[in-house]
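Have a look at the structure below, then the notes.
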Number of protein chains: 2
Amino acid sequence: MTVLLGDCREIMKSIPSASVDLVYLDPPFFTQKTHSLAARDNMAEFTFEDHWASLAEYLVFMRDVLSECHKVLKPTGSIFLHCDKTASHHLRLLLDNVFGCEFFQSEIIWTYKRWSNAKKGLLNSHQTIYFYSKTSDFKFNILFTDYSPTTNVDQILQARMRNEAGKAAYRRDENGHVVFAGEKRGVPLADVWNIPFLNPKARERVGYPTQKPILLLERILEIATESGDCVLDPFCGSGTTLVAARLLGRNFIGIDLSPDAVELSQKRLQEPVKSFSQVFAVGEESFLDKTDYERGLLKALDAIPVERNQGIDGLLKFYLNNRPVSVRIQQPGESLSVARRKLVAASKTKHCIAMILVRTQKETELSLFDDWMADEDVLVIDAYDLTINQWLQAKQKRMAADVSIAEEDHRINESAQS
Amino acid sequence: MTVLLGDCREIMKSIPSASVDLVYLDPPFFTQKTHSLAARDNMAEFTFEDHWASLAEYLVFMRDVLSECHKVLKPTGSIFLHCDKTASHHLRLLLDNVFGCEFFQSEIIWTYKRWSNAKKGLLNSHQTIYFYSKTSDFKFNILFTDYSPTTNVDQILQARMRNEAGKAAYRRDENGHVVFAGEKRGVPLADVWNIPFLNPKARERVGYPTQKPILLLERILEIATESGDCVLDPFCGSGTTLVAARLLGRNFIGIDLSPDAVELSQKRLQEPVKSFSQVFAVGEESFLDKTDYERGLLKALDAIPVERNQGIDGLLKFYLNNRPVSVRIQQPGESLSVARRKLVAASKTKHCIAMILVRTQKETELSLFDDWMADEDVLVIDAYDLTINQWLQAKQKRMAADVSIAEEDHRINESAQS
DNA sequence: AGGGAGCCTGAATCCTCAA
DNA sequence: GTTGAGGATTCAGGCTCCC
């Protein structure tokens, strides 16, 4: 339960062999940059150096670190090495050498969405964590994730049976009550982890560059350790690993070369702050409120879908005289005039001078000739399927009345069946 | 446009240098296993050998393959190497050697959900695709995805600046009005791709082990090539890359060591469109030529694209009284009446009694009141973008005439420039 | 040419205001 | 007071531009 100041290669020599259950390290990634960040109150600034004379120098350093990590690990222990694409392949070769490739367990991909910028190339949105064990007899707790949101809750909880027709159905007792199945634990955790990047606005942020979310560390600790185990982080930085260890009742040793980092870690351990992540808790999907149909329509209009707005469903990619053009799709059960009112109200503050309203419902009332239809700021267009379906229905009716066609249909049906 | 049988190291020697725009390879992963899978009809079984004497042997083989790939690539070309965690780090070292680490572009993670099987360890649910370019001047098309649902409209619309404290804030002009950012197309594609693994029952599945989803290949081709470019797959297997290339109008060369694989690829290329109406499967020599615009339109109409037919571009998924409903999209430079004539002629033999003609061009002549417009067998609908663009253009003209708005626009433009 | 300063962006939070 | 819709804010990667 300590935070130590100094070079982790030296300090680990003084840690007894086979005494640690888990090593997590988040070493320099070989970015050849200086990372710096001002703390929230603008008072302090933390910097983190990641400059090296050569790749070889970096790899010699890392090999020494990993050798010491191997030494301090218990036979049941394991190591999680956090890196990014810059040097991940070289680091994995080192791990193969020091730990042995037969003890490679997983390549964990941590993915996140992040503020972006347009550039030539793909937006980098993942980091890699290599998971090696010291022996084949290592501690591992299987974690379970929730069922995907599309899975019906009833499917998870209710027992099933076959009905008279041989179809699957929910089992009910003689009184018609639902019968619950035995407890299901969920889906075993996969090796791709979607955990939100520590948001710039999150309270959890302490102003240290490269700070990792507590959620990520908690998951690693839960997989590889039990309560009371000892966790070592040779590059503890702002101390996220130590905070996660404390929150989960694990013992810990943190090491860092920077006095600032050690001080920060100690301070943070006094009163750990863990953000509540809304997105992580309820899932990104829960923020979506458009149907596939609406998304398809927006795509056909060459518009960007807009969420979190009651009046506007999308924005045209084309701007009219530097002003946005908003789009709304008429909702089922919503009259065209109500849809228009909502669109206009929401567009007002966005300075739209052109709006597009997509009609998707057959109008029962004859509102087509309402005054506002002549409004030159709102263009009303009919969804293709509305136009086509109305036409096809009308045509079908006409055809039913036309005997000759009906007879030909009959003949076609006959031959289709034979 | 060929599928060749043999050792790709040998065959690539006969391919001219600097003649290929994209190499995609899905080589053996060094799993040390024999992969086999029965086809859907349970008649044929395809096997795929991945046994090696040693890692060194495998790496020598792969180095030779990659060297030949480098040779055949154009200076603007790039390579996508598909592998999994087994040997990914060794393969990336080879790529660094052959292509140069400065031309490493992205580590693409393909994730998918799989049936869970509880075991000690994390469920493997990703594969890696390394993306290297031959030079720094390589072809790259930025694809865009939707904004996250947590993003609000104002962020998309409003331009920003830094205030005195150096913090970001919305930009306002001297009158306190918001300033709009330029046109937005969405968020650039990230390097983690969540694409469903082939469903075991999917029609797309042809029974070849290691078969990749066509969506994955389409995305790669869209990123790195243009229409008419040449794509090479030295381990083409079931030919998914070639099918994707044909669907997107790219030329292709496929190579495989297995006669079964070559035969299967050729067979798949005969009928590349999955749900393709039998009636229209005529001709063999012509190639697919739908533009993205037309594909998008057909999708919006809920129609299936039809290739190799001069008069018909698609068929509605909905059948009217057991008869197909044909669709034609007016071509640029083609008058509406000519388009109609071609549609009607081509539909005659297909027993269509309902046809849909999509108008995409502004009509110069006043043919709207032609006799045939009243034809109750052909429905003429306007493409969304035609309607919208005409309206926006008219609006722009009106605005130019309106002094007050013109002045405001001027002010907005001024502040946008400053 | 090379290095550093500054600009732009959008995810996910925080915060405000209205009902 | 409570709720929630939606506006405002923060940061780092990658770019450009300027010296």
Side-chain angles (χ1 to χ4, degrees), chain A residues 29 31-42 45-48 50-51 84-86 111-127 194-213 215 273-284 286-289 304 306-312 315 342 345-351, chain B residues 105-106 142 144-163 165-172 178-191 416 418:
Chain A
F29 290 175
T31 55
Q32 299 288 40
K33 280 180 193 155
T34 304
H35 301 259
S36 70
L37 183 63
R40 194 153 289 283
D41 54 10
N42 271 323
E45 189 181 71
F46 297 103
T47 60
F48 175 76
D50 187 14
H51 274 283
D84 82 349
K85 61 192 169 91
T86 317
T111 60
Y112 43 82
K113 288 199 153 189
R114 211 201 36 201
W115 47 91
S116 71
N117 59 353
K119 65 151 196 155
K120 186 176 180 178
L122 300 164
L123 185 65
N124 184 14
S125 66
H126 75 277
Q127 292 177 11
N194 195 330
I195 294 178
F197 194 84
L198 198 54
N199 190 270
K201 294 287 288 181
R203 280 191 233 275
E204 189 178 309
R205 265 189 187 271
V206 294
Y208 196 83
T210 76
Q211 185 182 348
K212 302 290 177 293
L215 272 171
V273 176
K274 183 184 161 191
S275 293
F276 171 76
S277 170
Q278 184 72 15
V279 181
F280 186 76
V282 300
E284 189 189 66
S286 66
F287 286 83
L288 296 167
D289 57 14
I304 298 170
V306 163
E307 313 282 344
R308 289 192 61 195
N309 193 293
Q310 301 295 356
I312 300 175
L315 294 170
K342 286 182 179 170
S347 302
K348 205 164 209 171
T349 56
K350 313 298 182 238
H351 298 267
Chain B
Q105 299 299 337
S106 287
I142 303 183
F144 292 91
T145 53
D146 288 346
Y147 284 87
S148 159
T150 60
T151 306
N152 50 14
V153 203
D154 304 84
Q155 287 196 94
I156 301 170
L157 289 176
Q158 296 179 220
R160 274 171 294 175
M161 54 172 294
R162 292 202 178 261
N163 60 16
K167 303 286 181 188
Y170 287 131
R171 171 169 298 179
R172 290 175 192 278
V178 292
V179 177
F180 290 99
E183 298 175 17
K184 300 285 182 75
R185 288 173 293 179
V187 184
L189 186 65
D191 59 4
S418 66

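Chain identifiers are assigned alphabetically (A, B, ...) following the order of the sequence lines, protein sequences preceding nucleic acid strands; residue numbering begins at 1 within each chain.
- Comparing C:dG10, D:dC11, C:dA11 by their nearest atom to the side chain of B:S148 picks out C:dA11.
- Summarising the geometry, the separation between CG on A:N194 and P on C:dA11 is reported as 13 Å, rounded to the nearest angstrom.
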Revision key, fill the gap. With sugar-phosphate taken as primed atoms, P, OP1 and OP2 and all else as base, the protein-contact string of nucleotides 13-19 of chain C at under 4.0 Å (heavy atoms; B, S, -) is BS-----
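- The B:D154 side chain lies nearest to D:dG7 when the options are D:dG7, D:dC11, D:dA5.
- Residue contacts shown for A:G311 are absent, as no nucleic acid heavy atom lies under 4.0 Å away.
- With sequence neighbours excluded, the residues forming a side-chain contact (heavy atoms from CB on, under 4.5 Å) with B:E183 are A:F318, A:Y319, listed by chain and number.
- The distance from atom CG of A:L123 to atom P of D:dC11 is 19 Å, rounded to the nearest whole Å.
- Look at CD on B:Q158: it is 14 Å from C1' on C:dG10, rounded to the nearest Å.
- Residues A:Q127 and A:T111 have side chains not in contact (no heavy-atom distance under 4.5 Å, counting atoms from C-beta outward).
- If you check D:dG13, C:dG10, D:dG7 against the side chain of A:R114, the one that comes closest is D:dG13.
- Between the P atom of D:dG13 and the NE2 atom of A:H126 lies a distance of 15 Å, rounded to the nearest Å.
- Between the OH atom of A:Y112 and the C1' atom of C:dG10 there is a distance of 15 Å, rounded to whole Å.
- For a distance-only test at 3.5 Å, the side chain of B:Q155 qualifies as a donor-acceptor partner of the base of C:dA12.
- Legend: residues meeting side-chain contact (heavy atoms from CB on, under 4.5 Å) with A:P196, ordered by chain and number and at least two apart, are A:S277, A:F280.
- For A:S125, the side chain to side chain donor-acceptor pair (under 3.5 Å) partners two or more places apart in sequence, or in a different chain, are B:D191.
- Counting any heavy atom pair closer than 4.0 Å across all strands shown, B:V153 reaches no nucleic acid atom.
- Scored by the side-chain contact (heavy atoms from CB on, under 4.5 Å) test, B:S106 finds A:L122, B:I108, B:F131 as partners (sequence neighbours excluded).
- Each end of the helix from C:dG2-D:dC19 to C:dA19-D:dT2 gets its own rotation axis from five pairs of C1' atoms, and the angle between them is 30° to the nearest 10 degrees.
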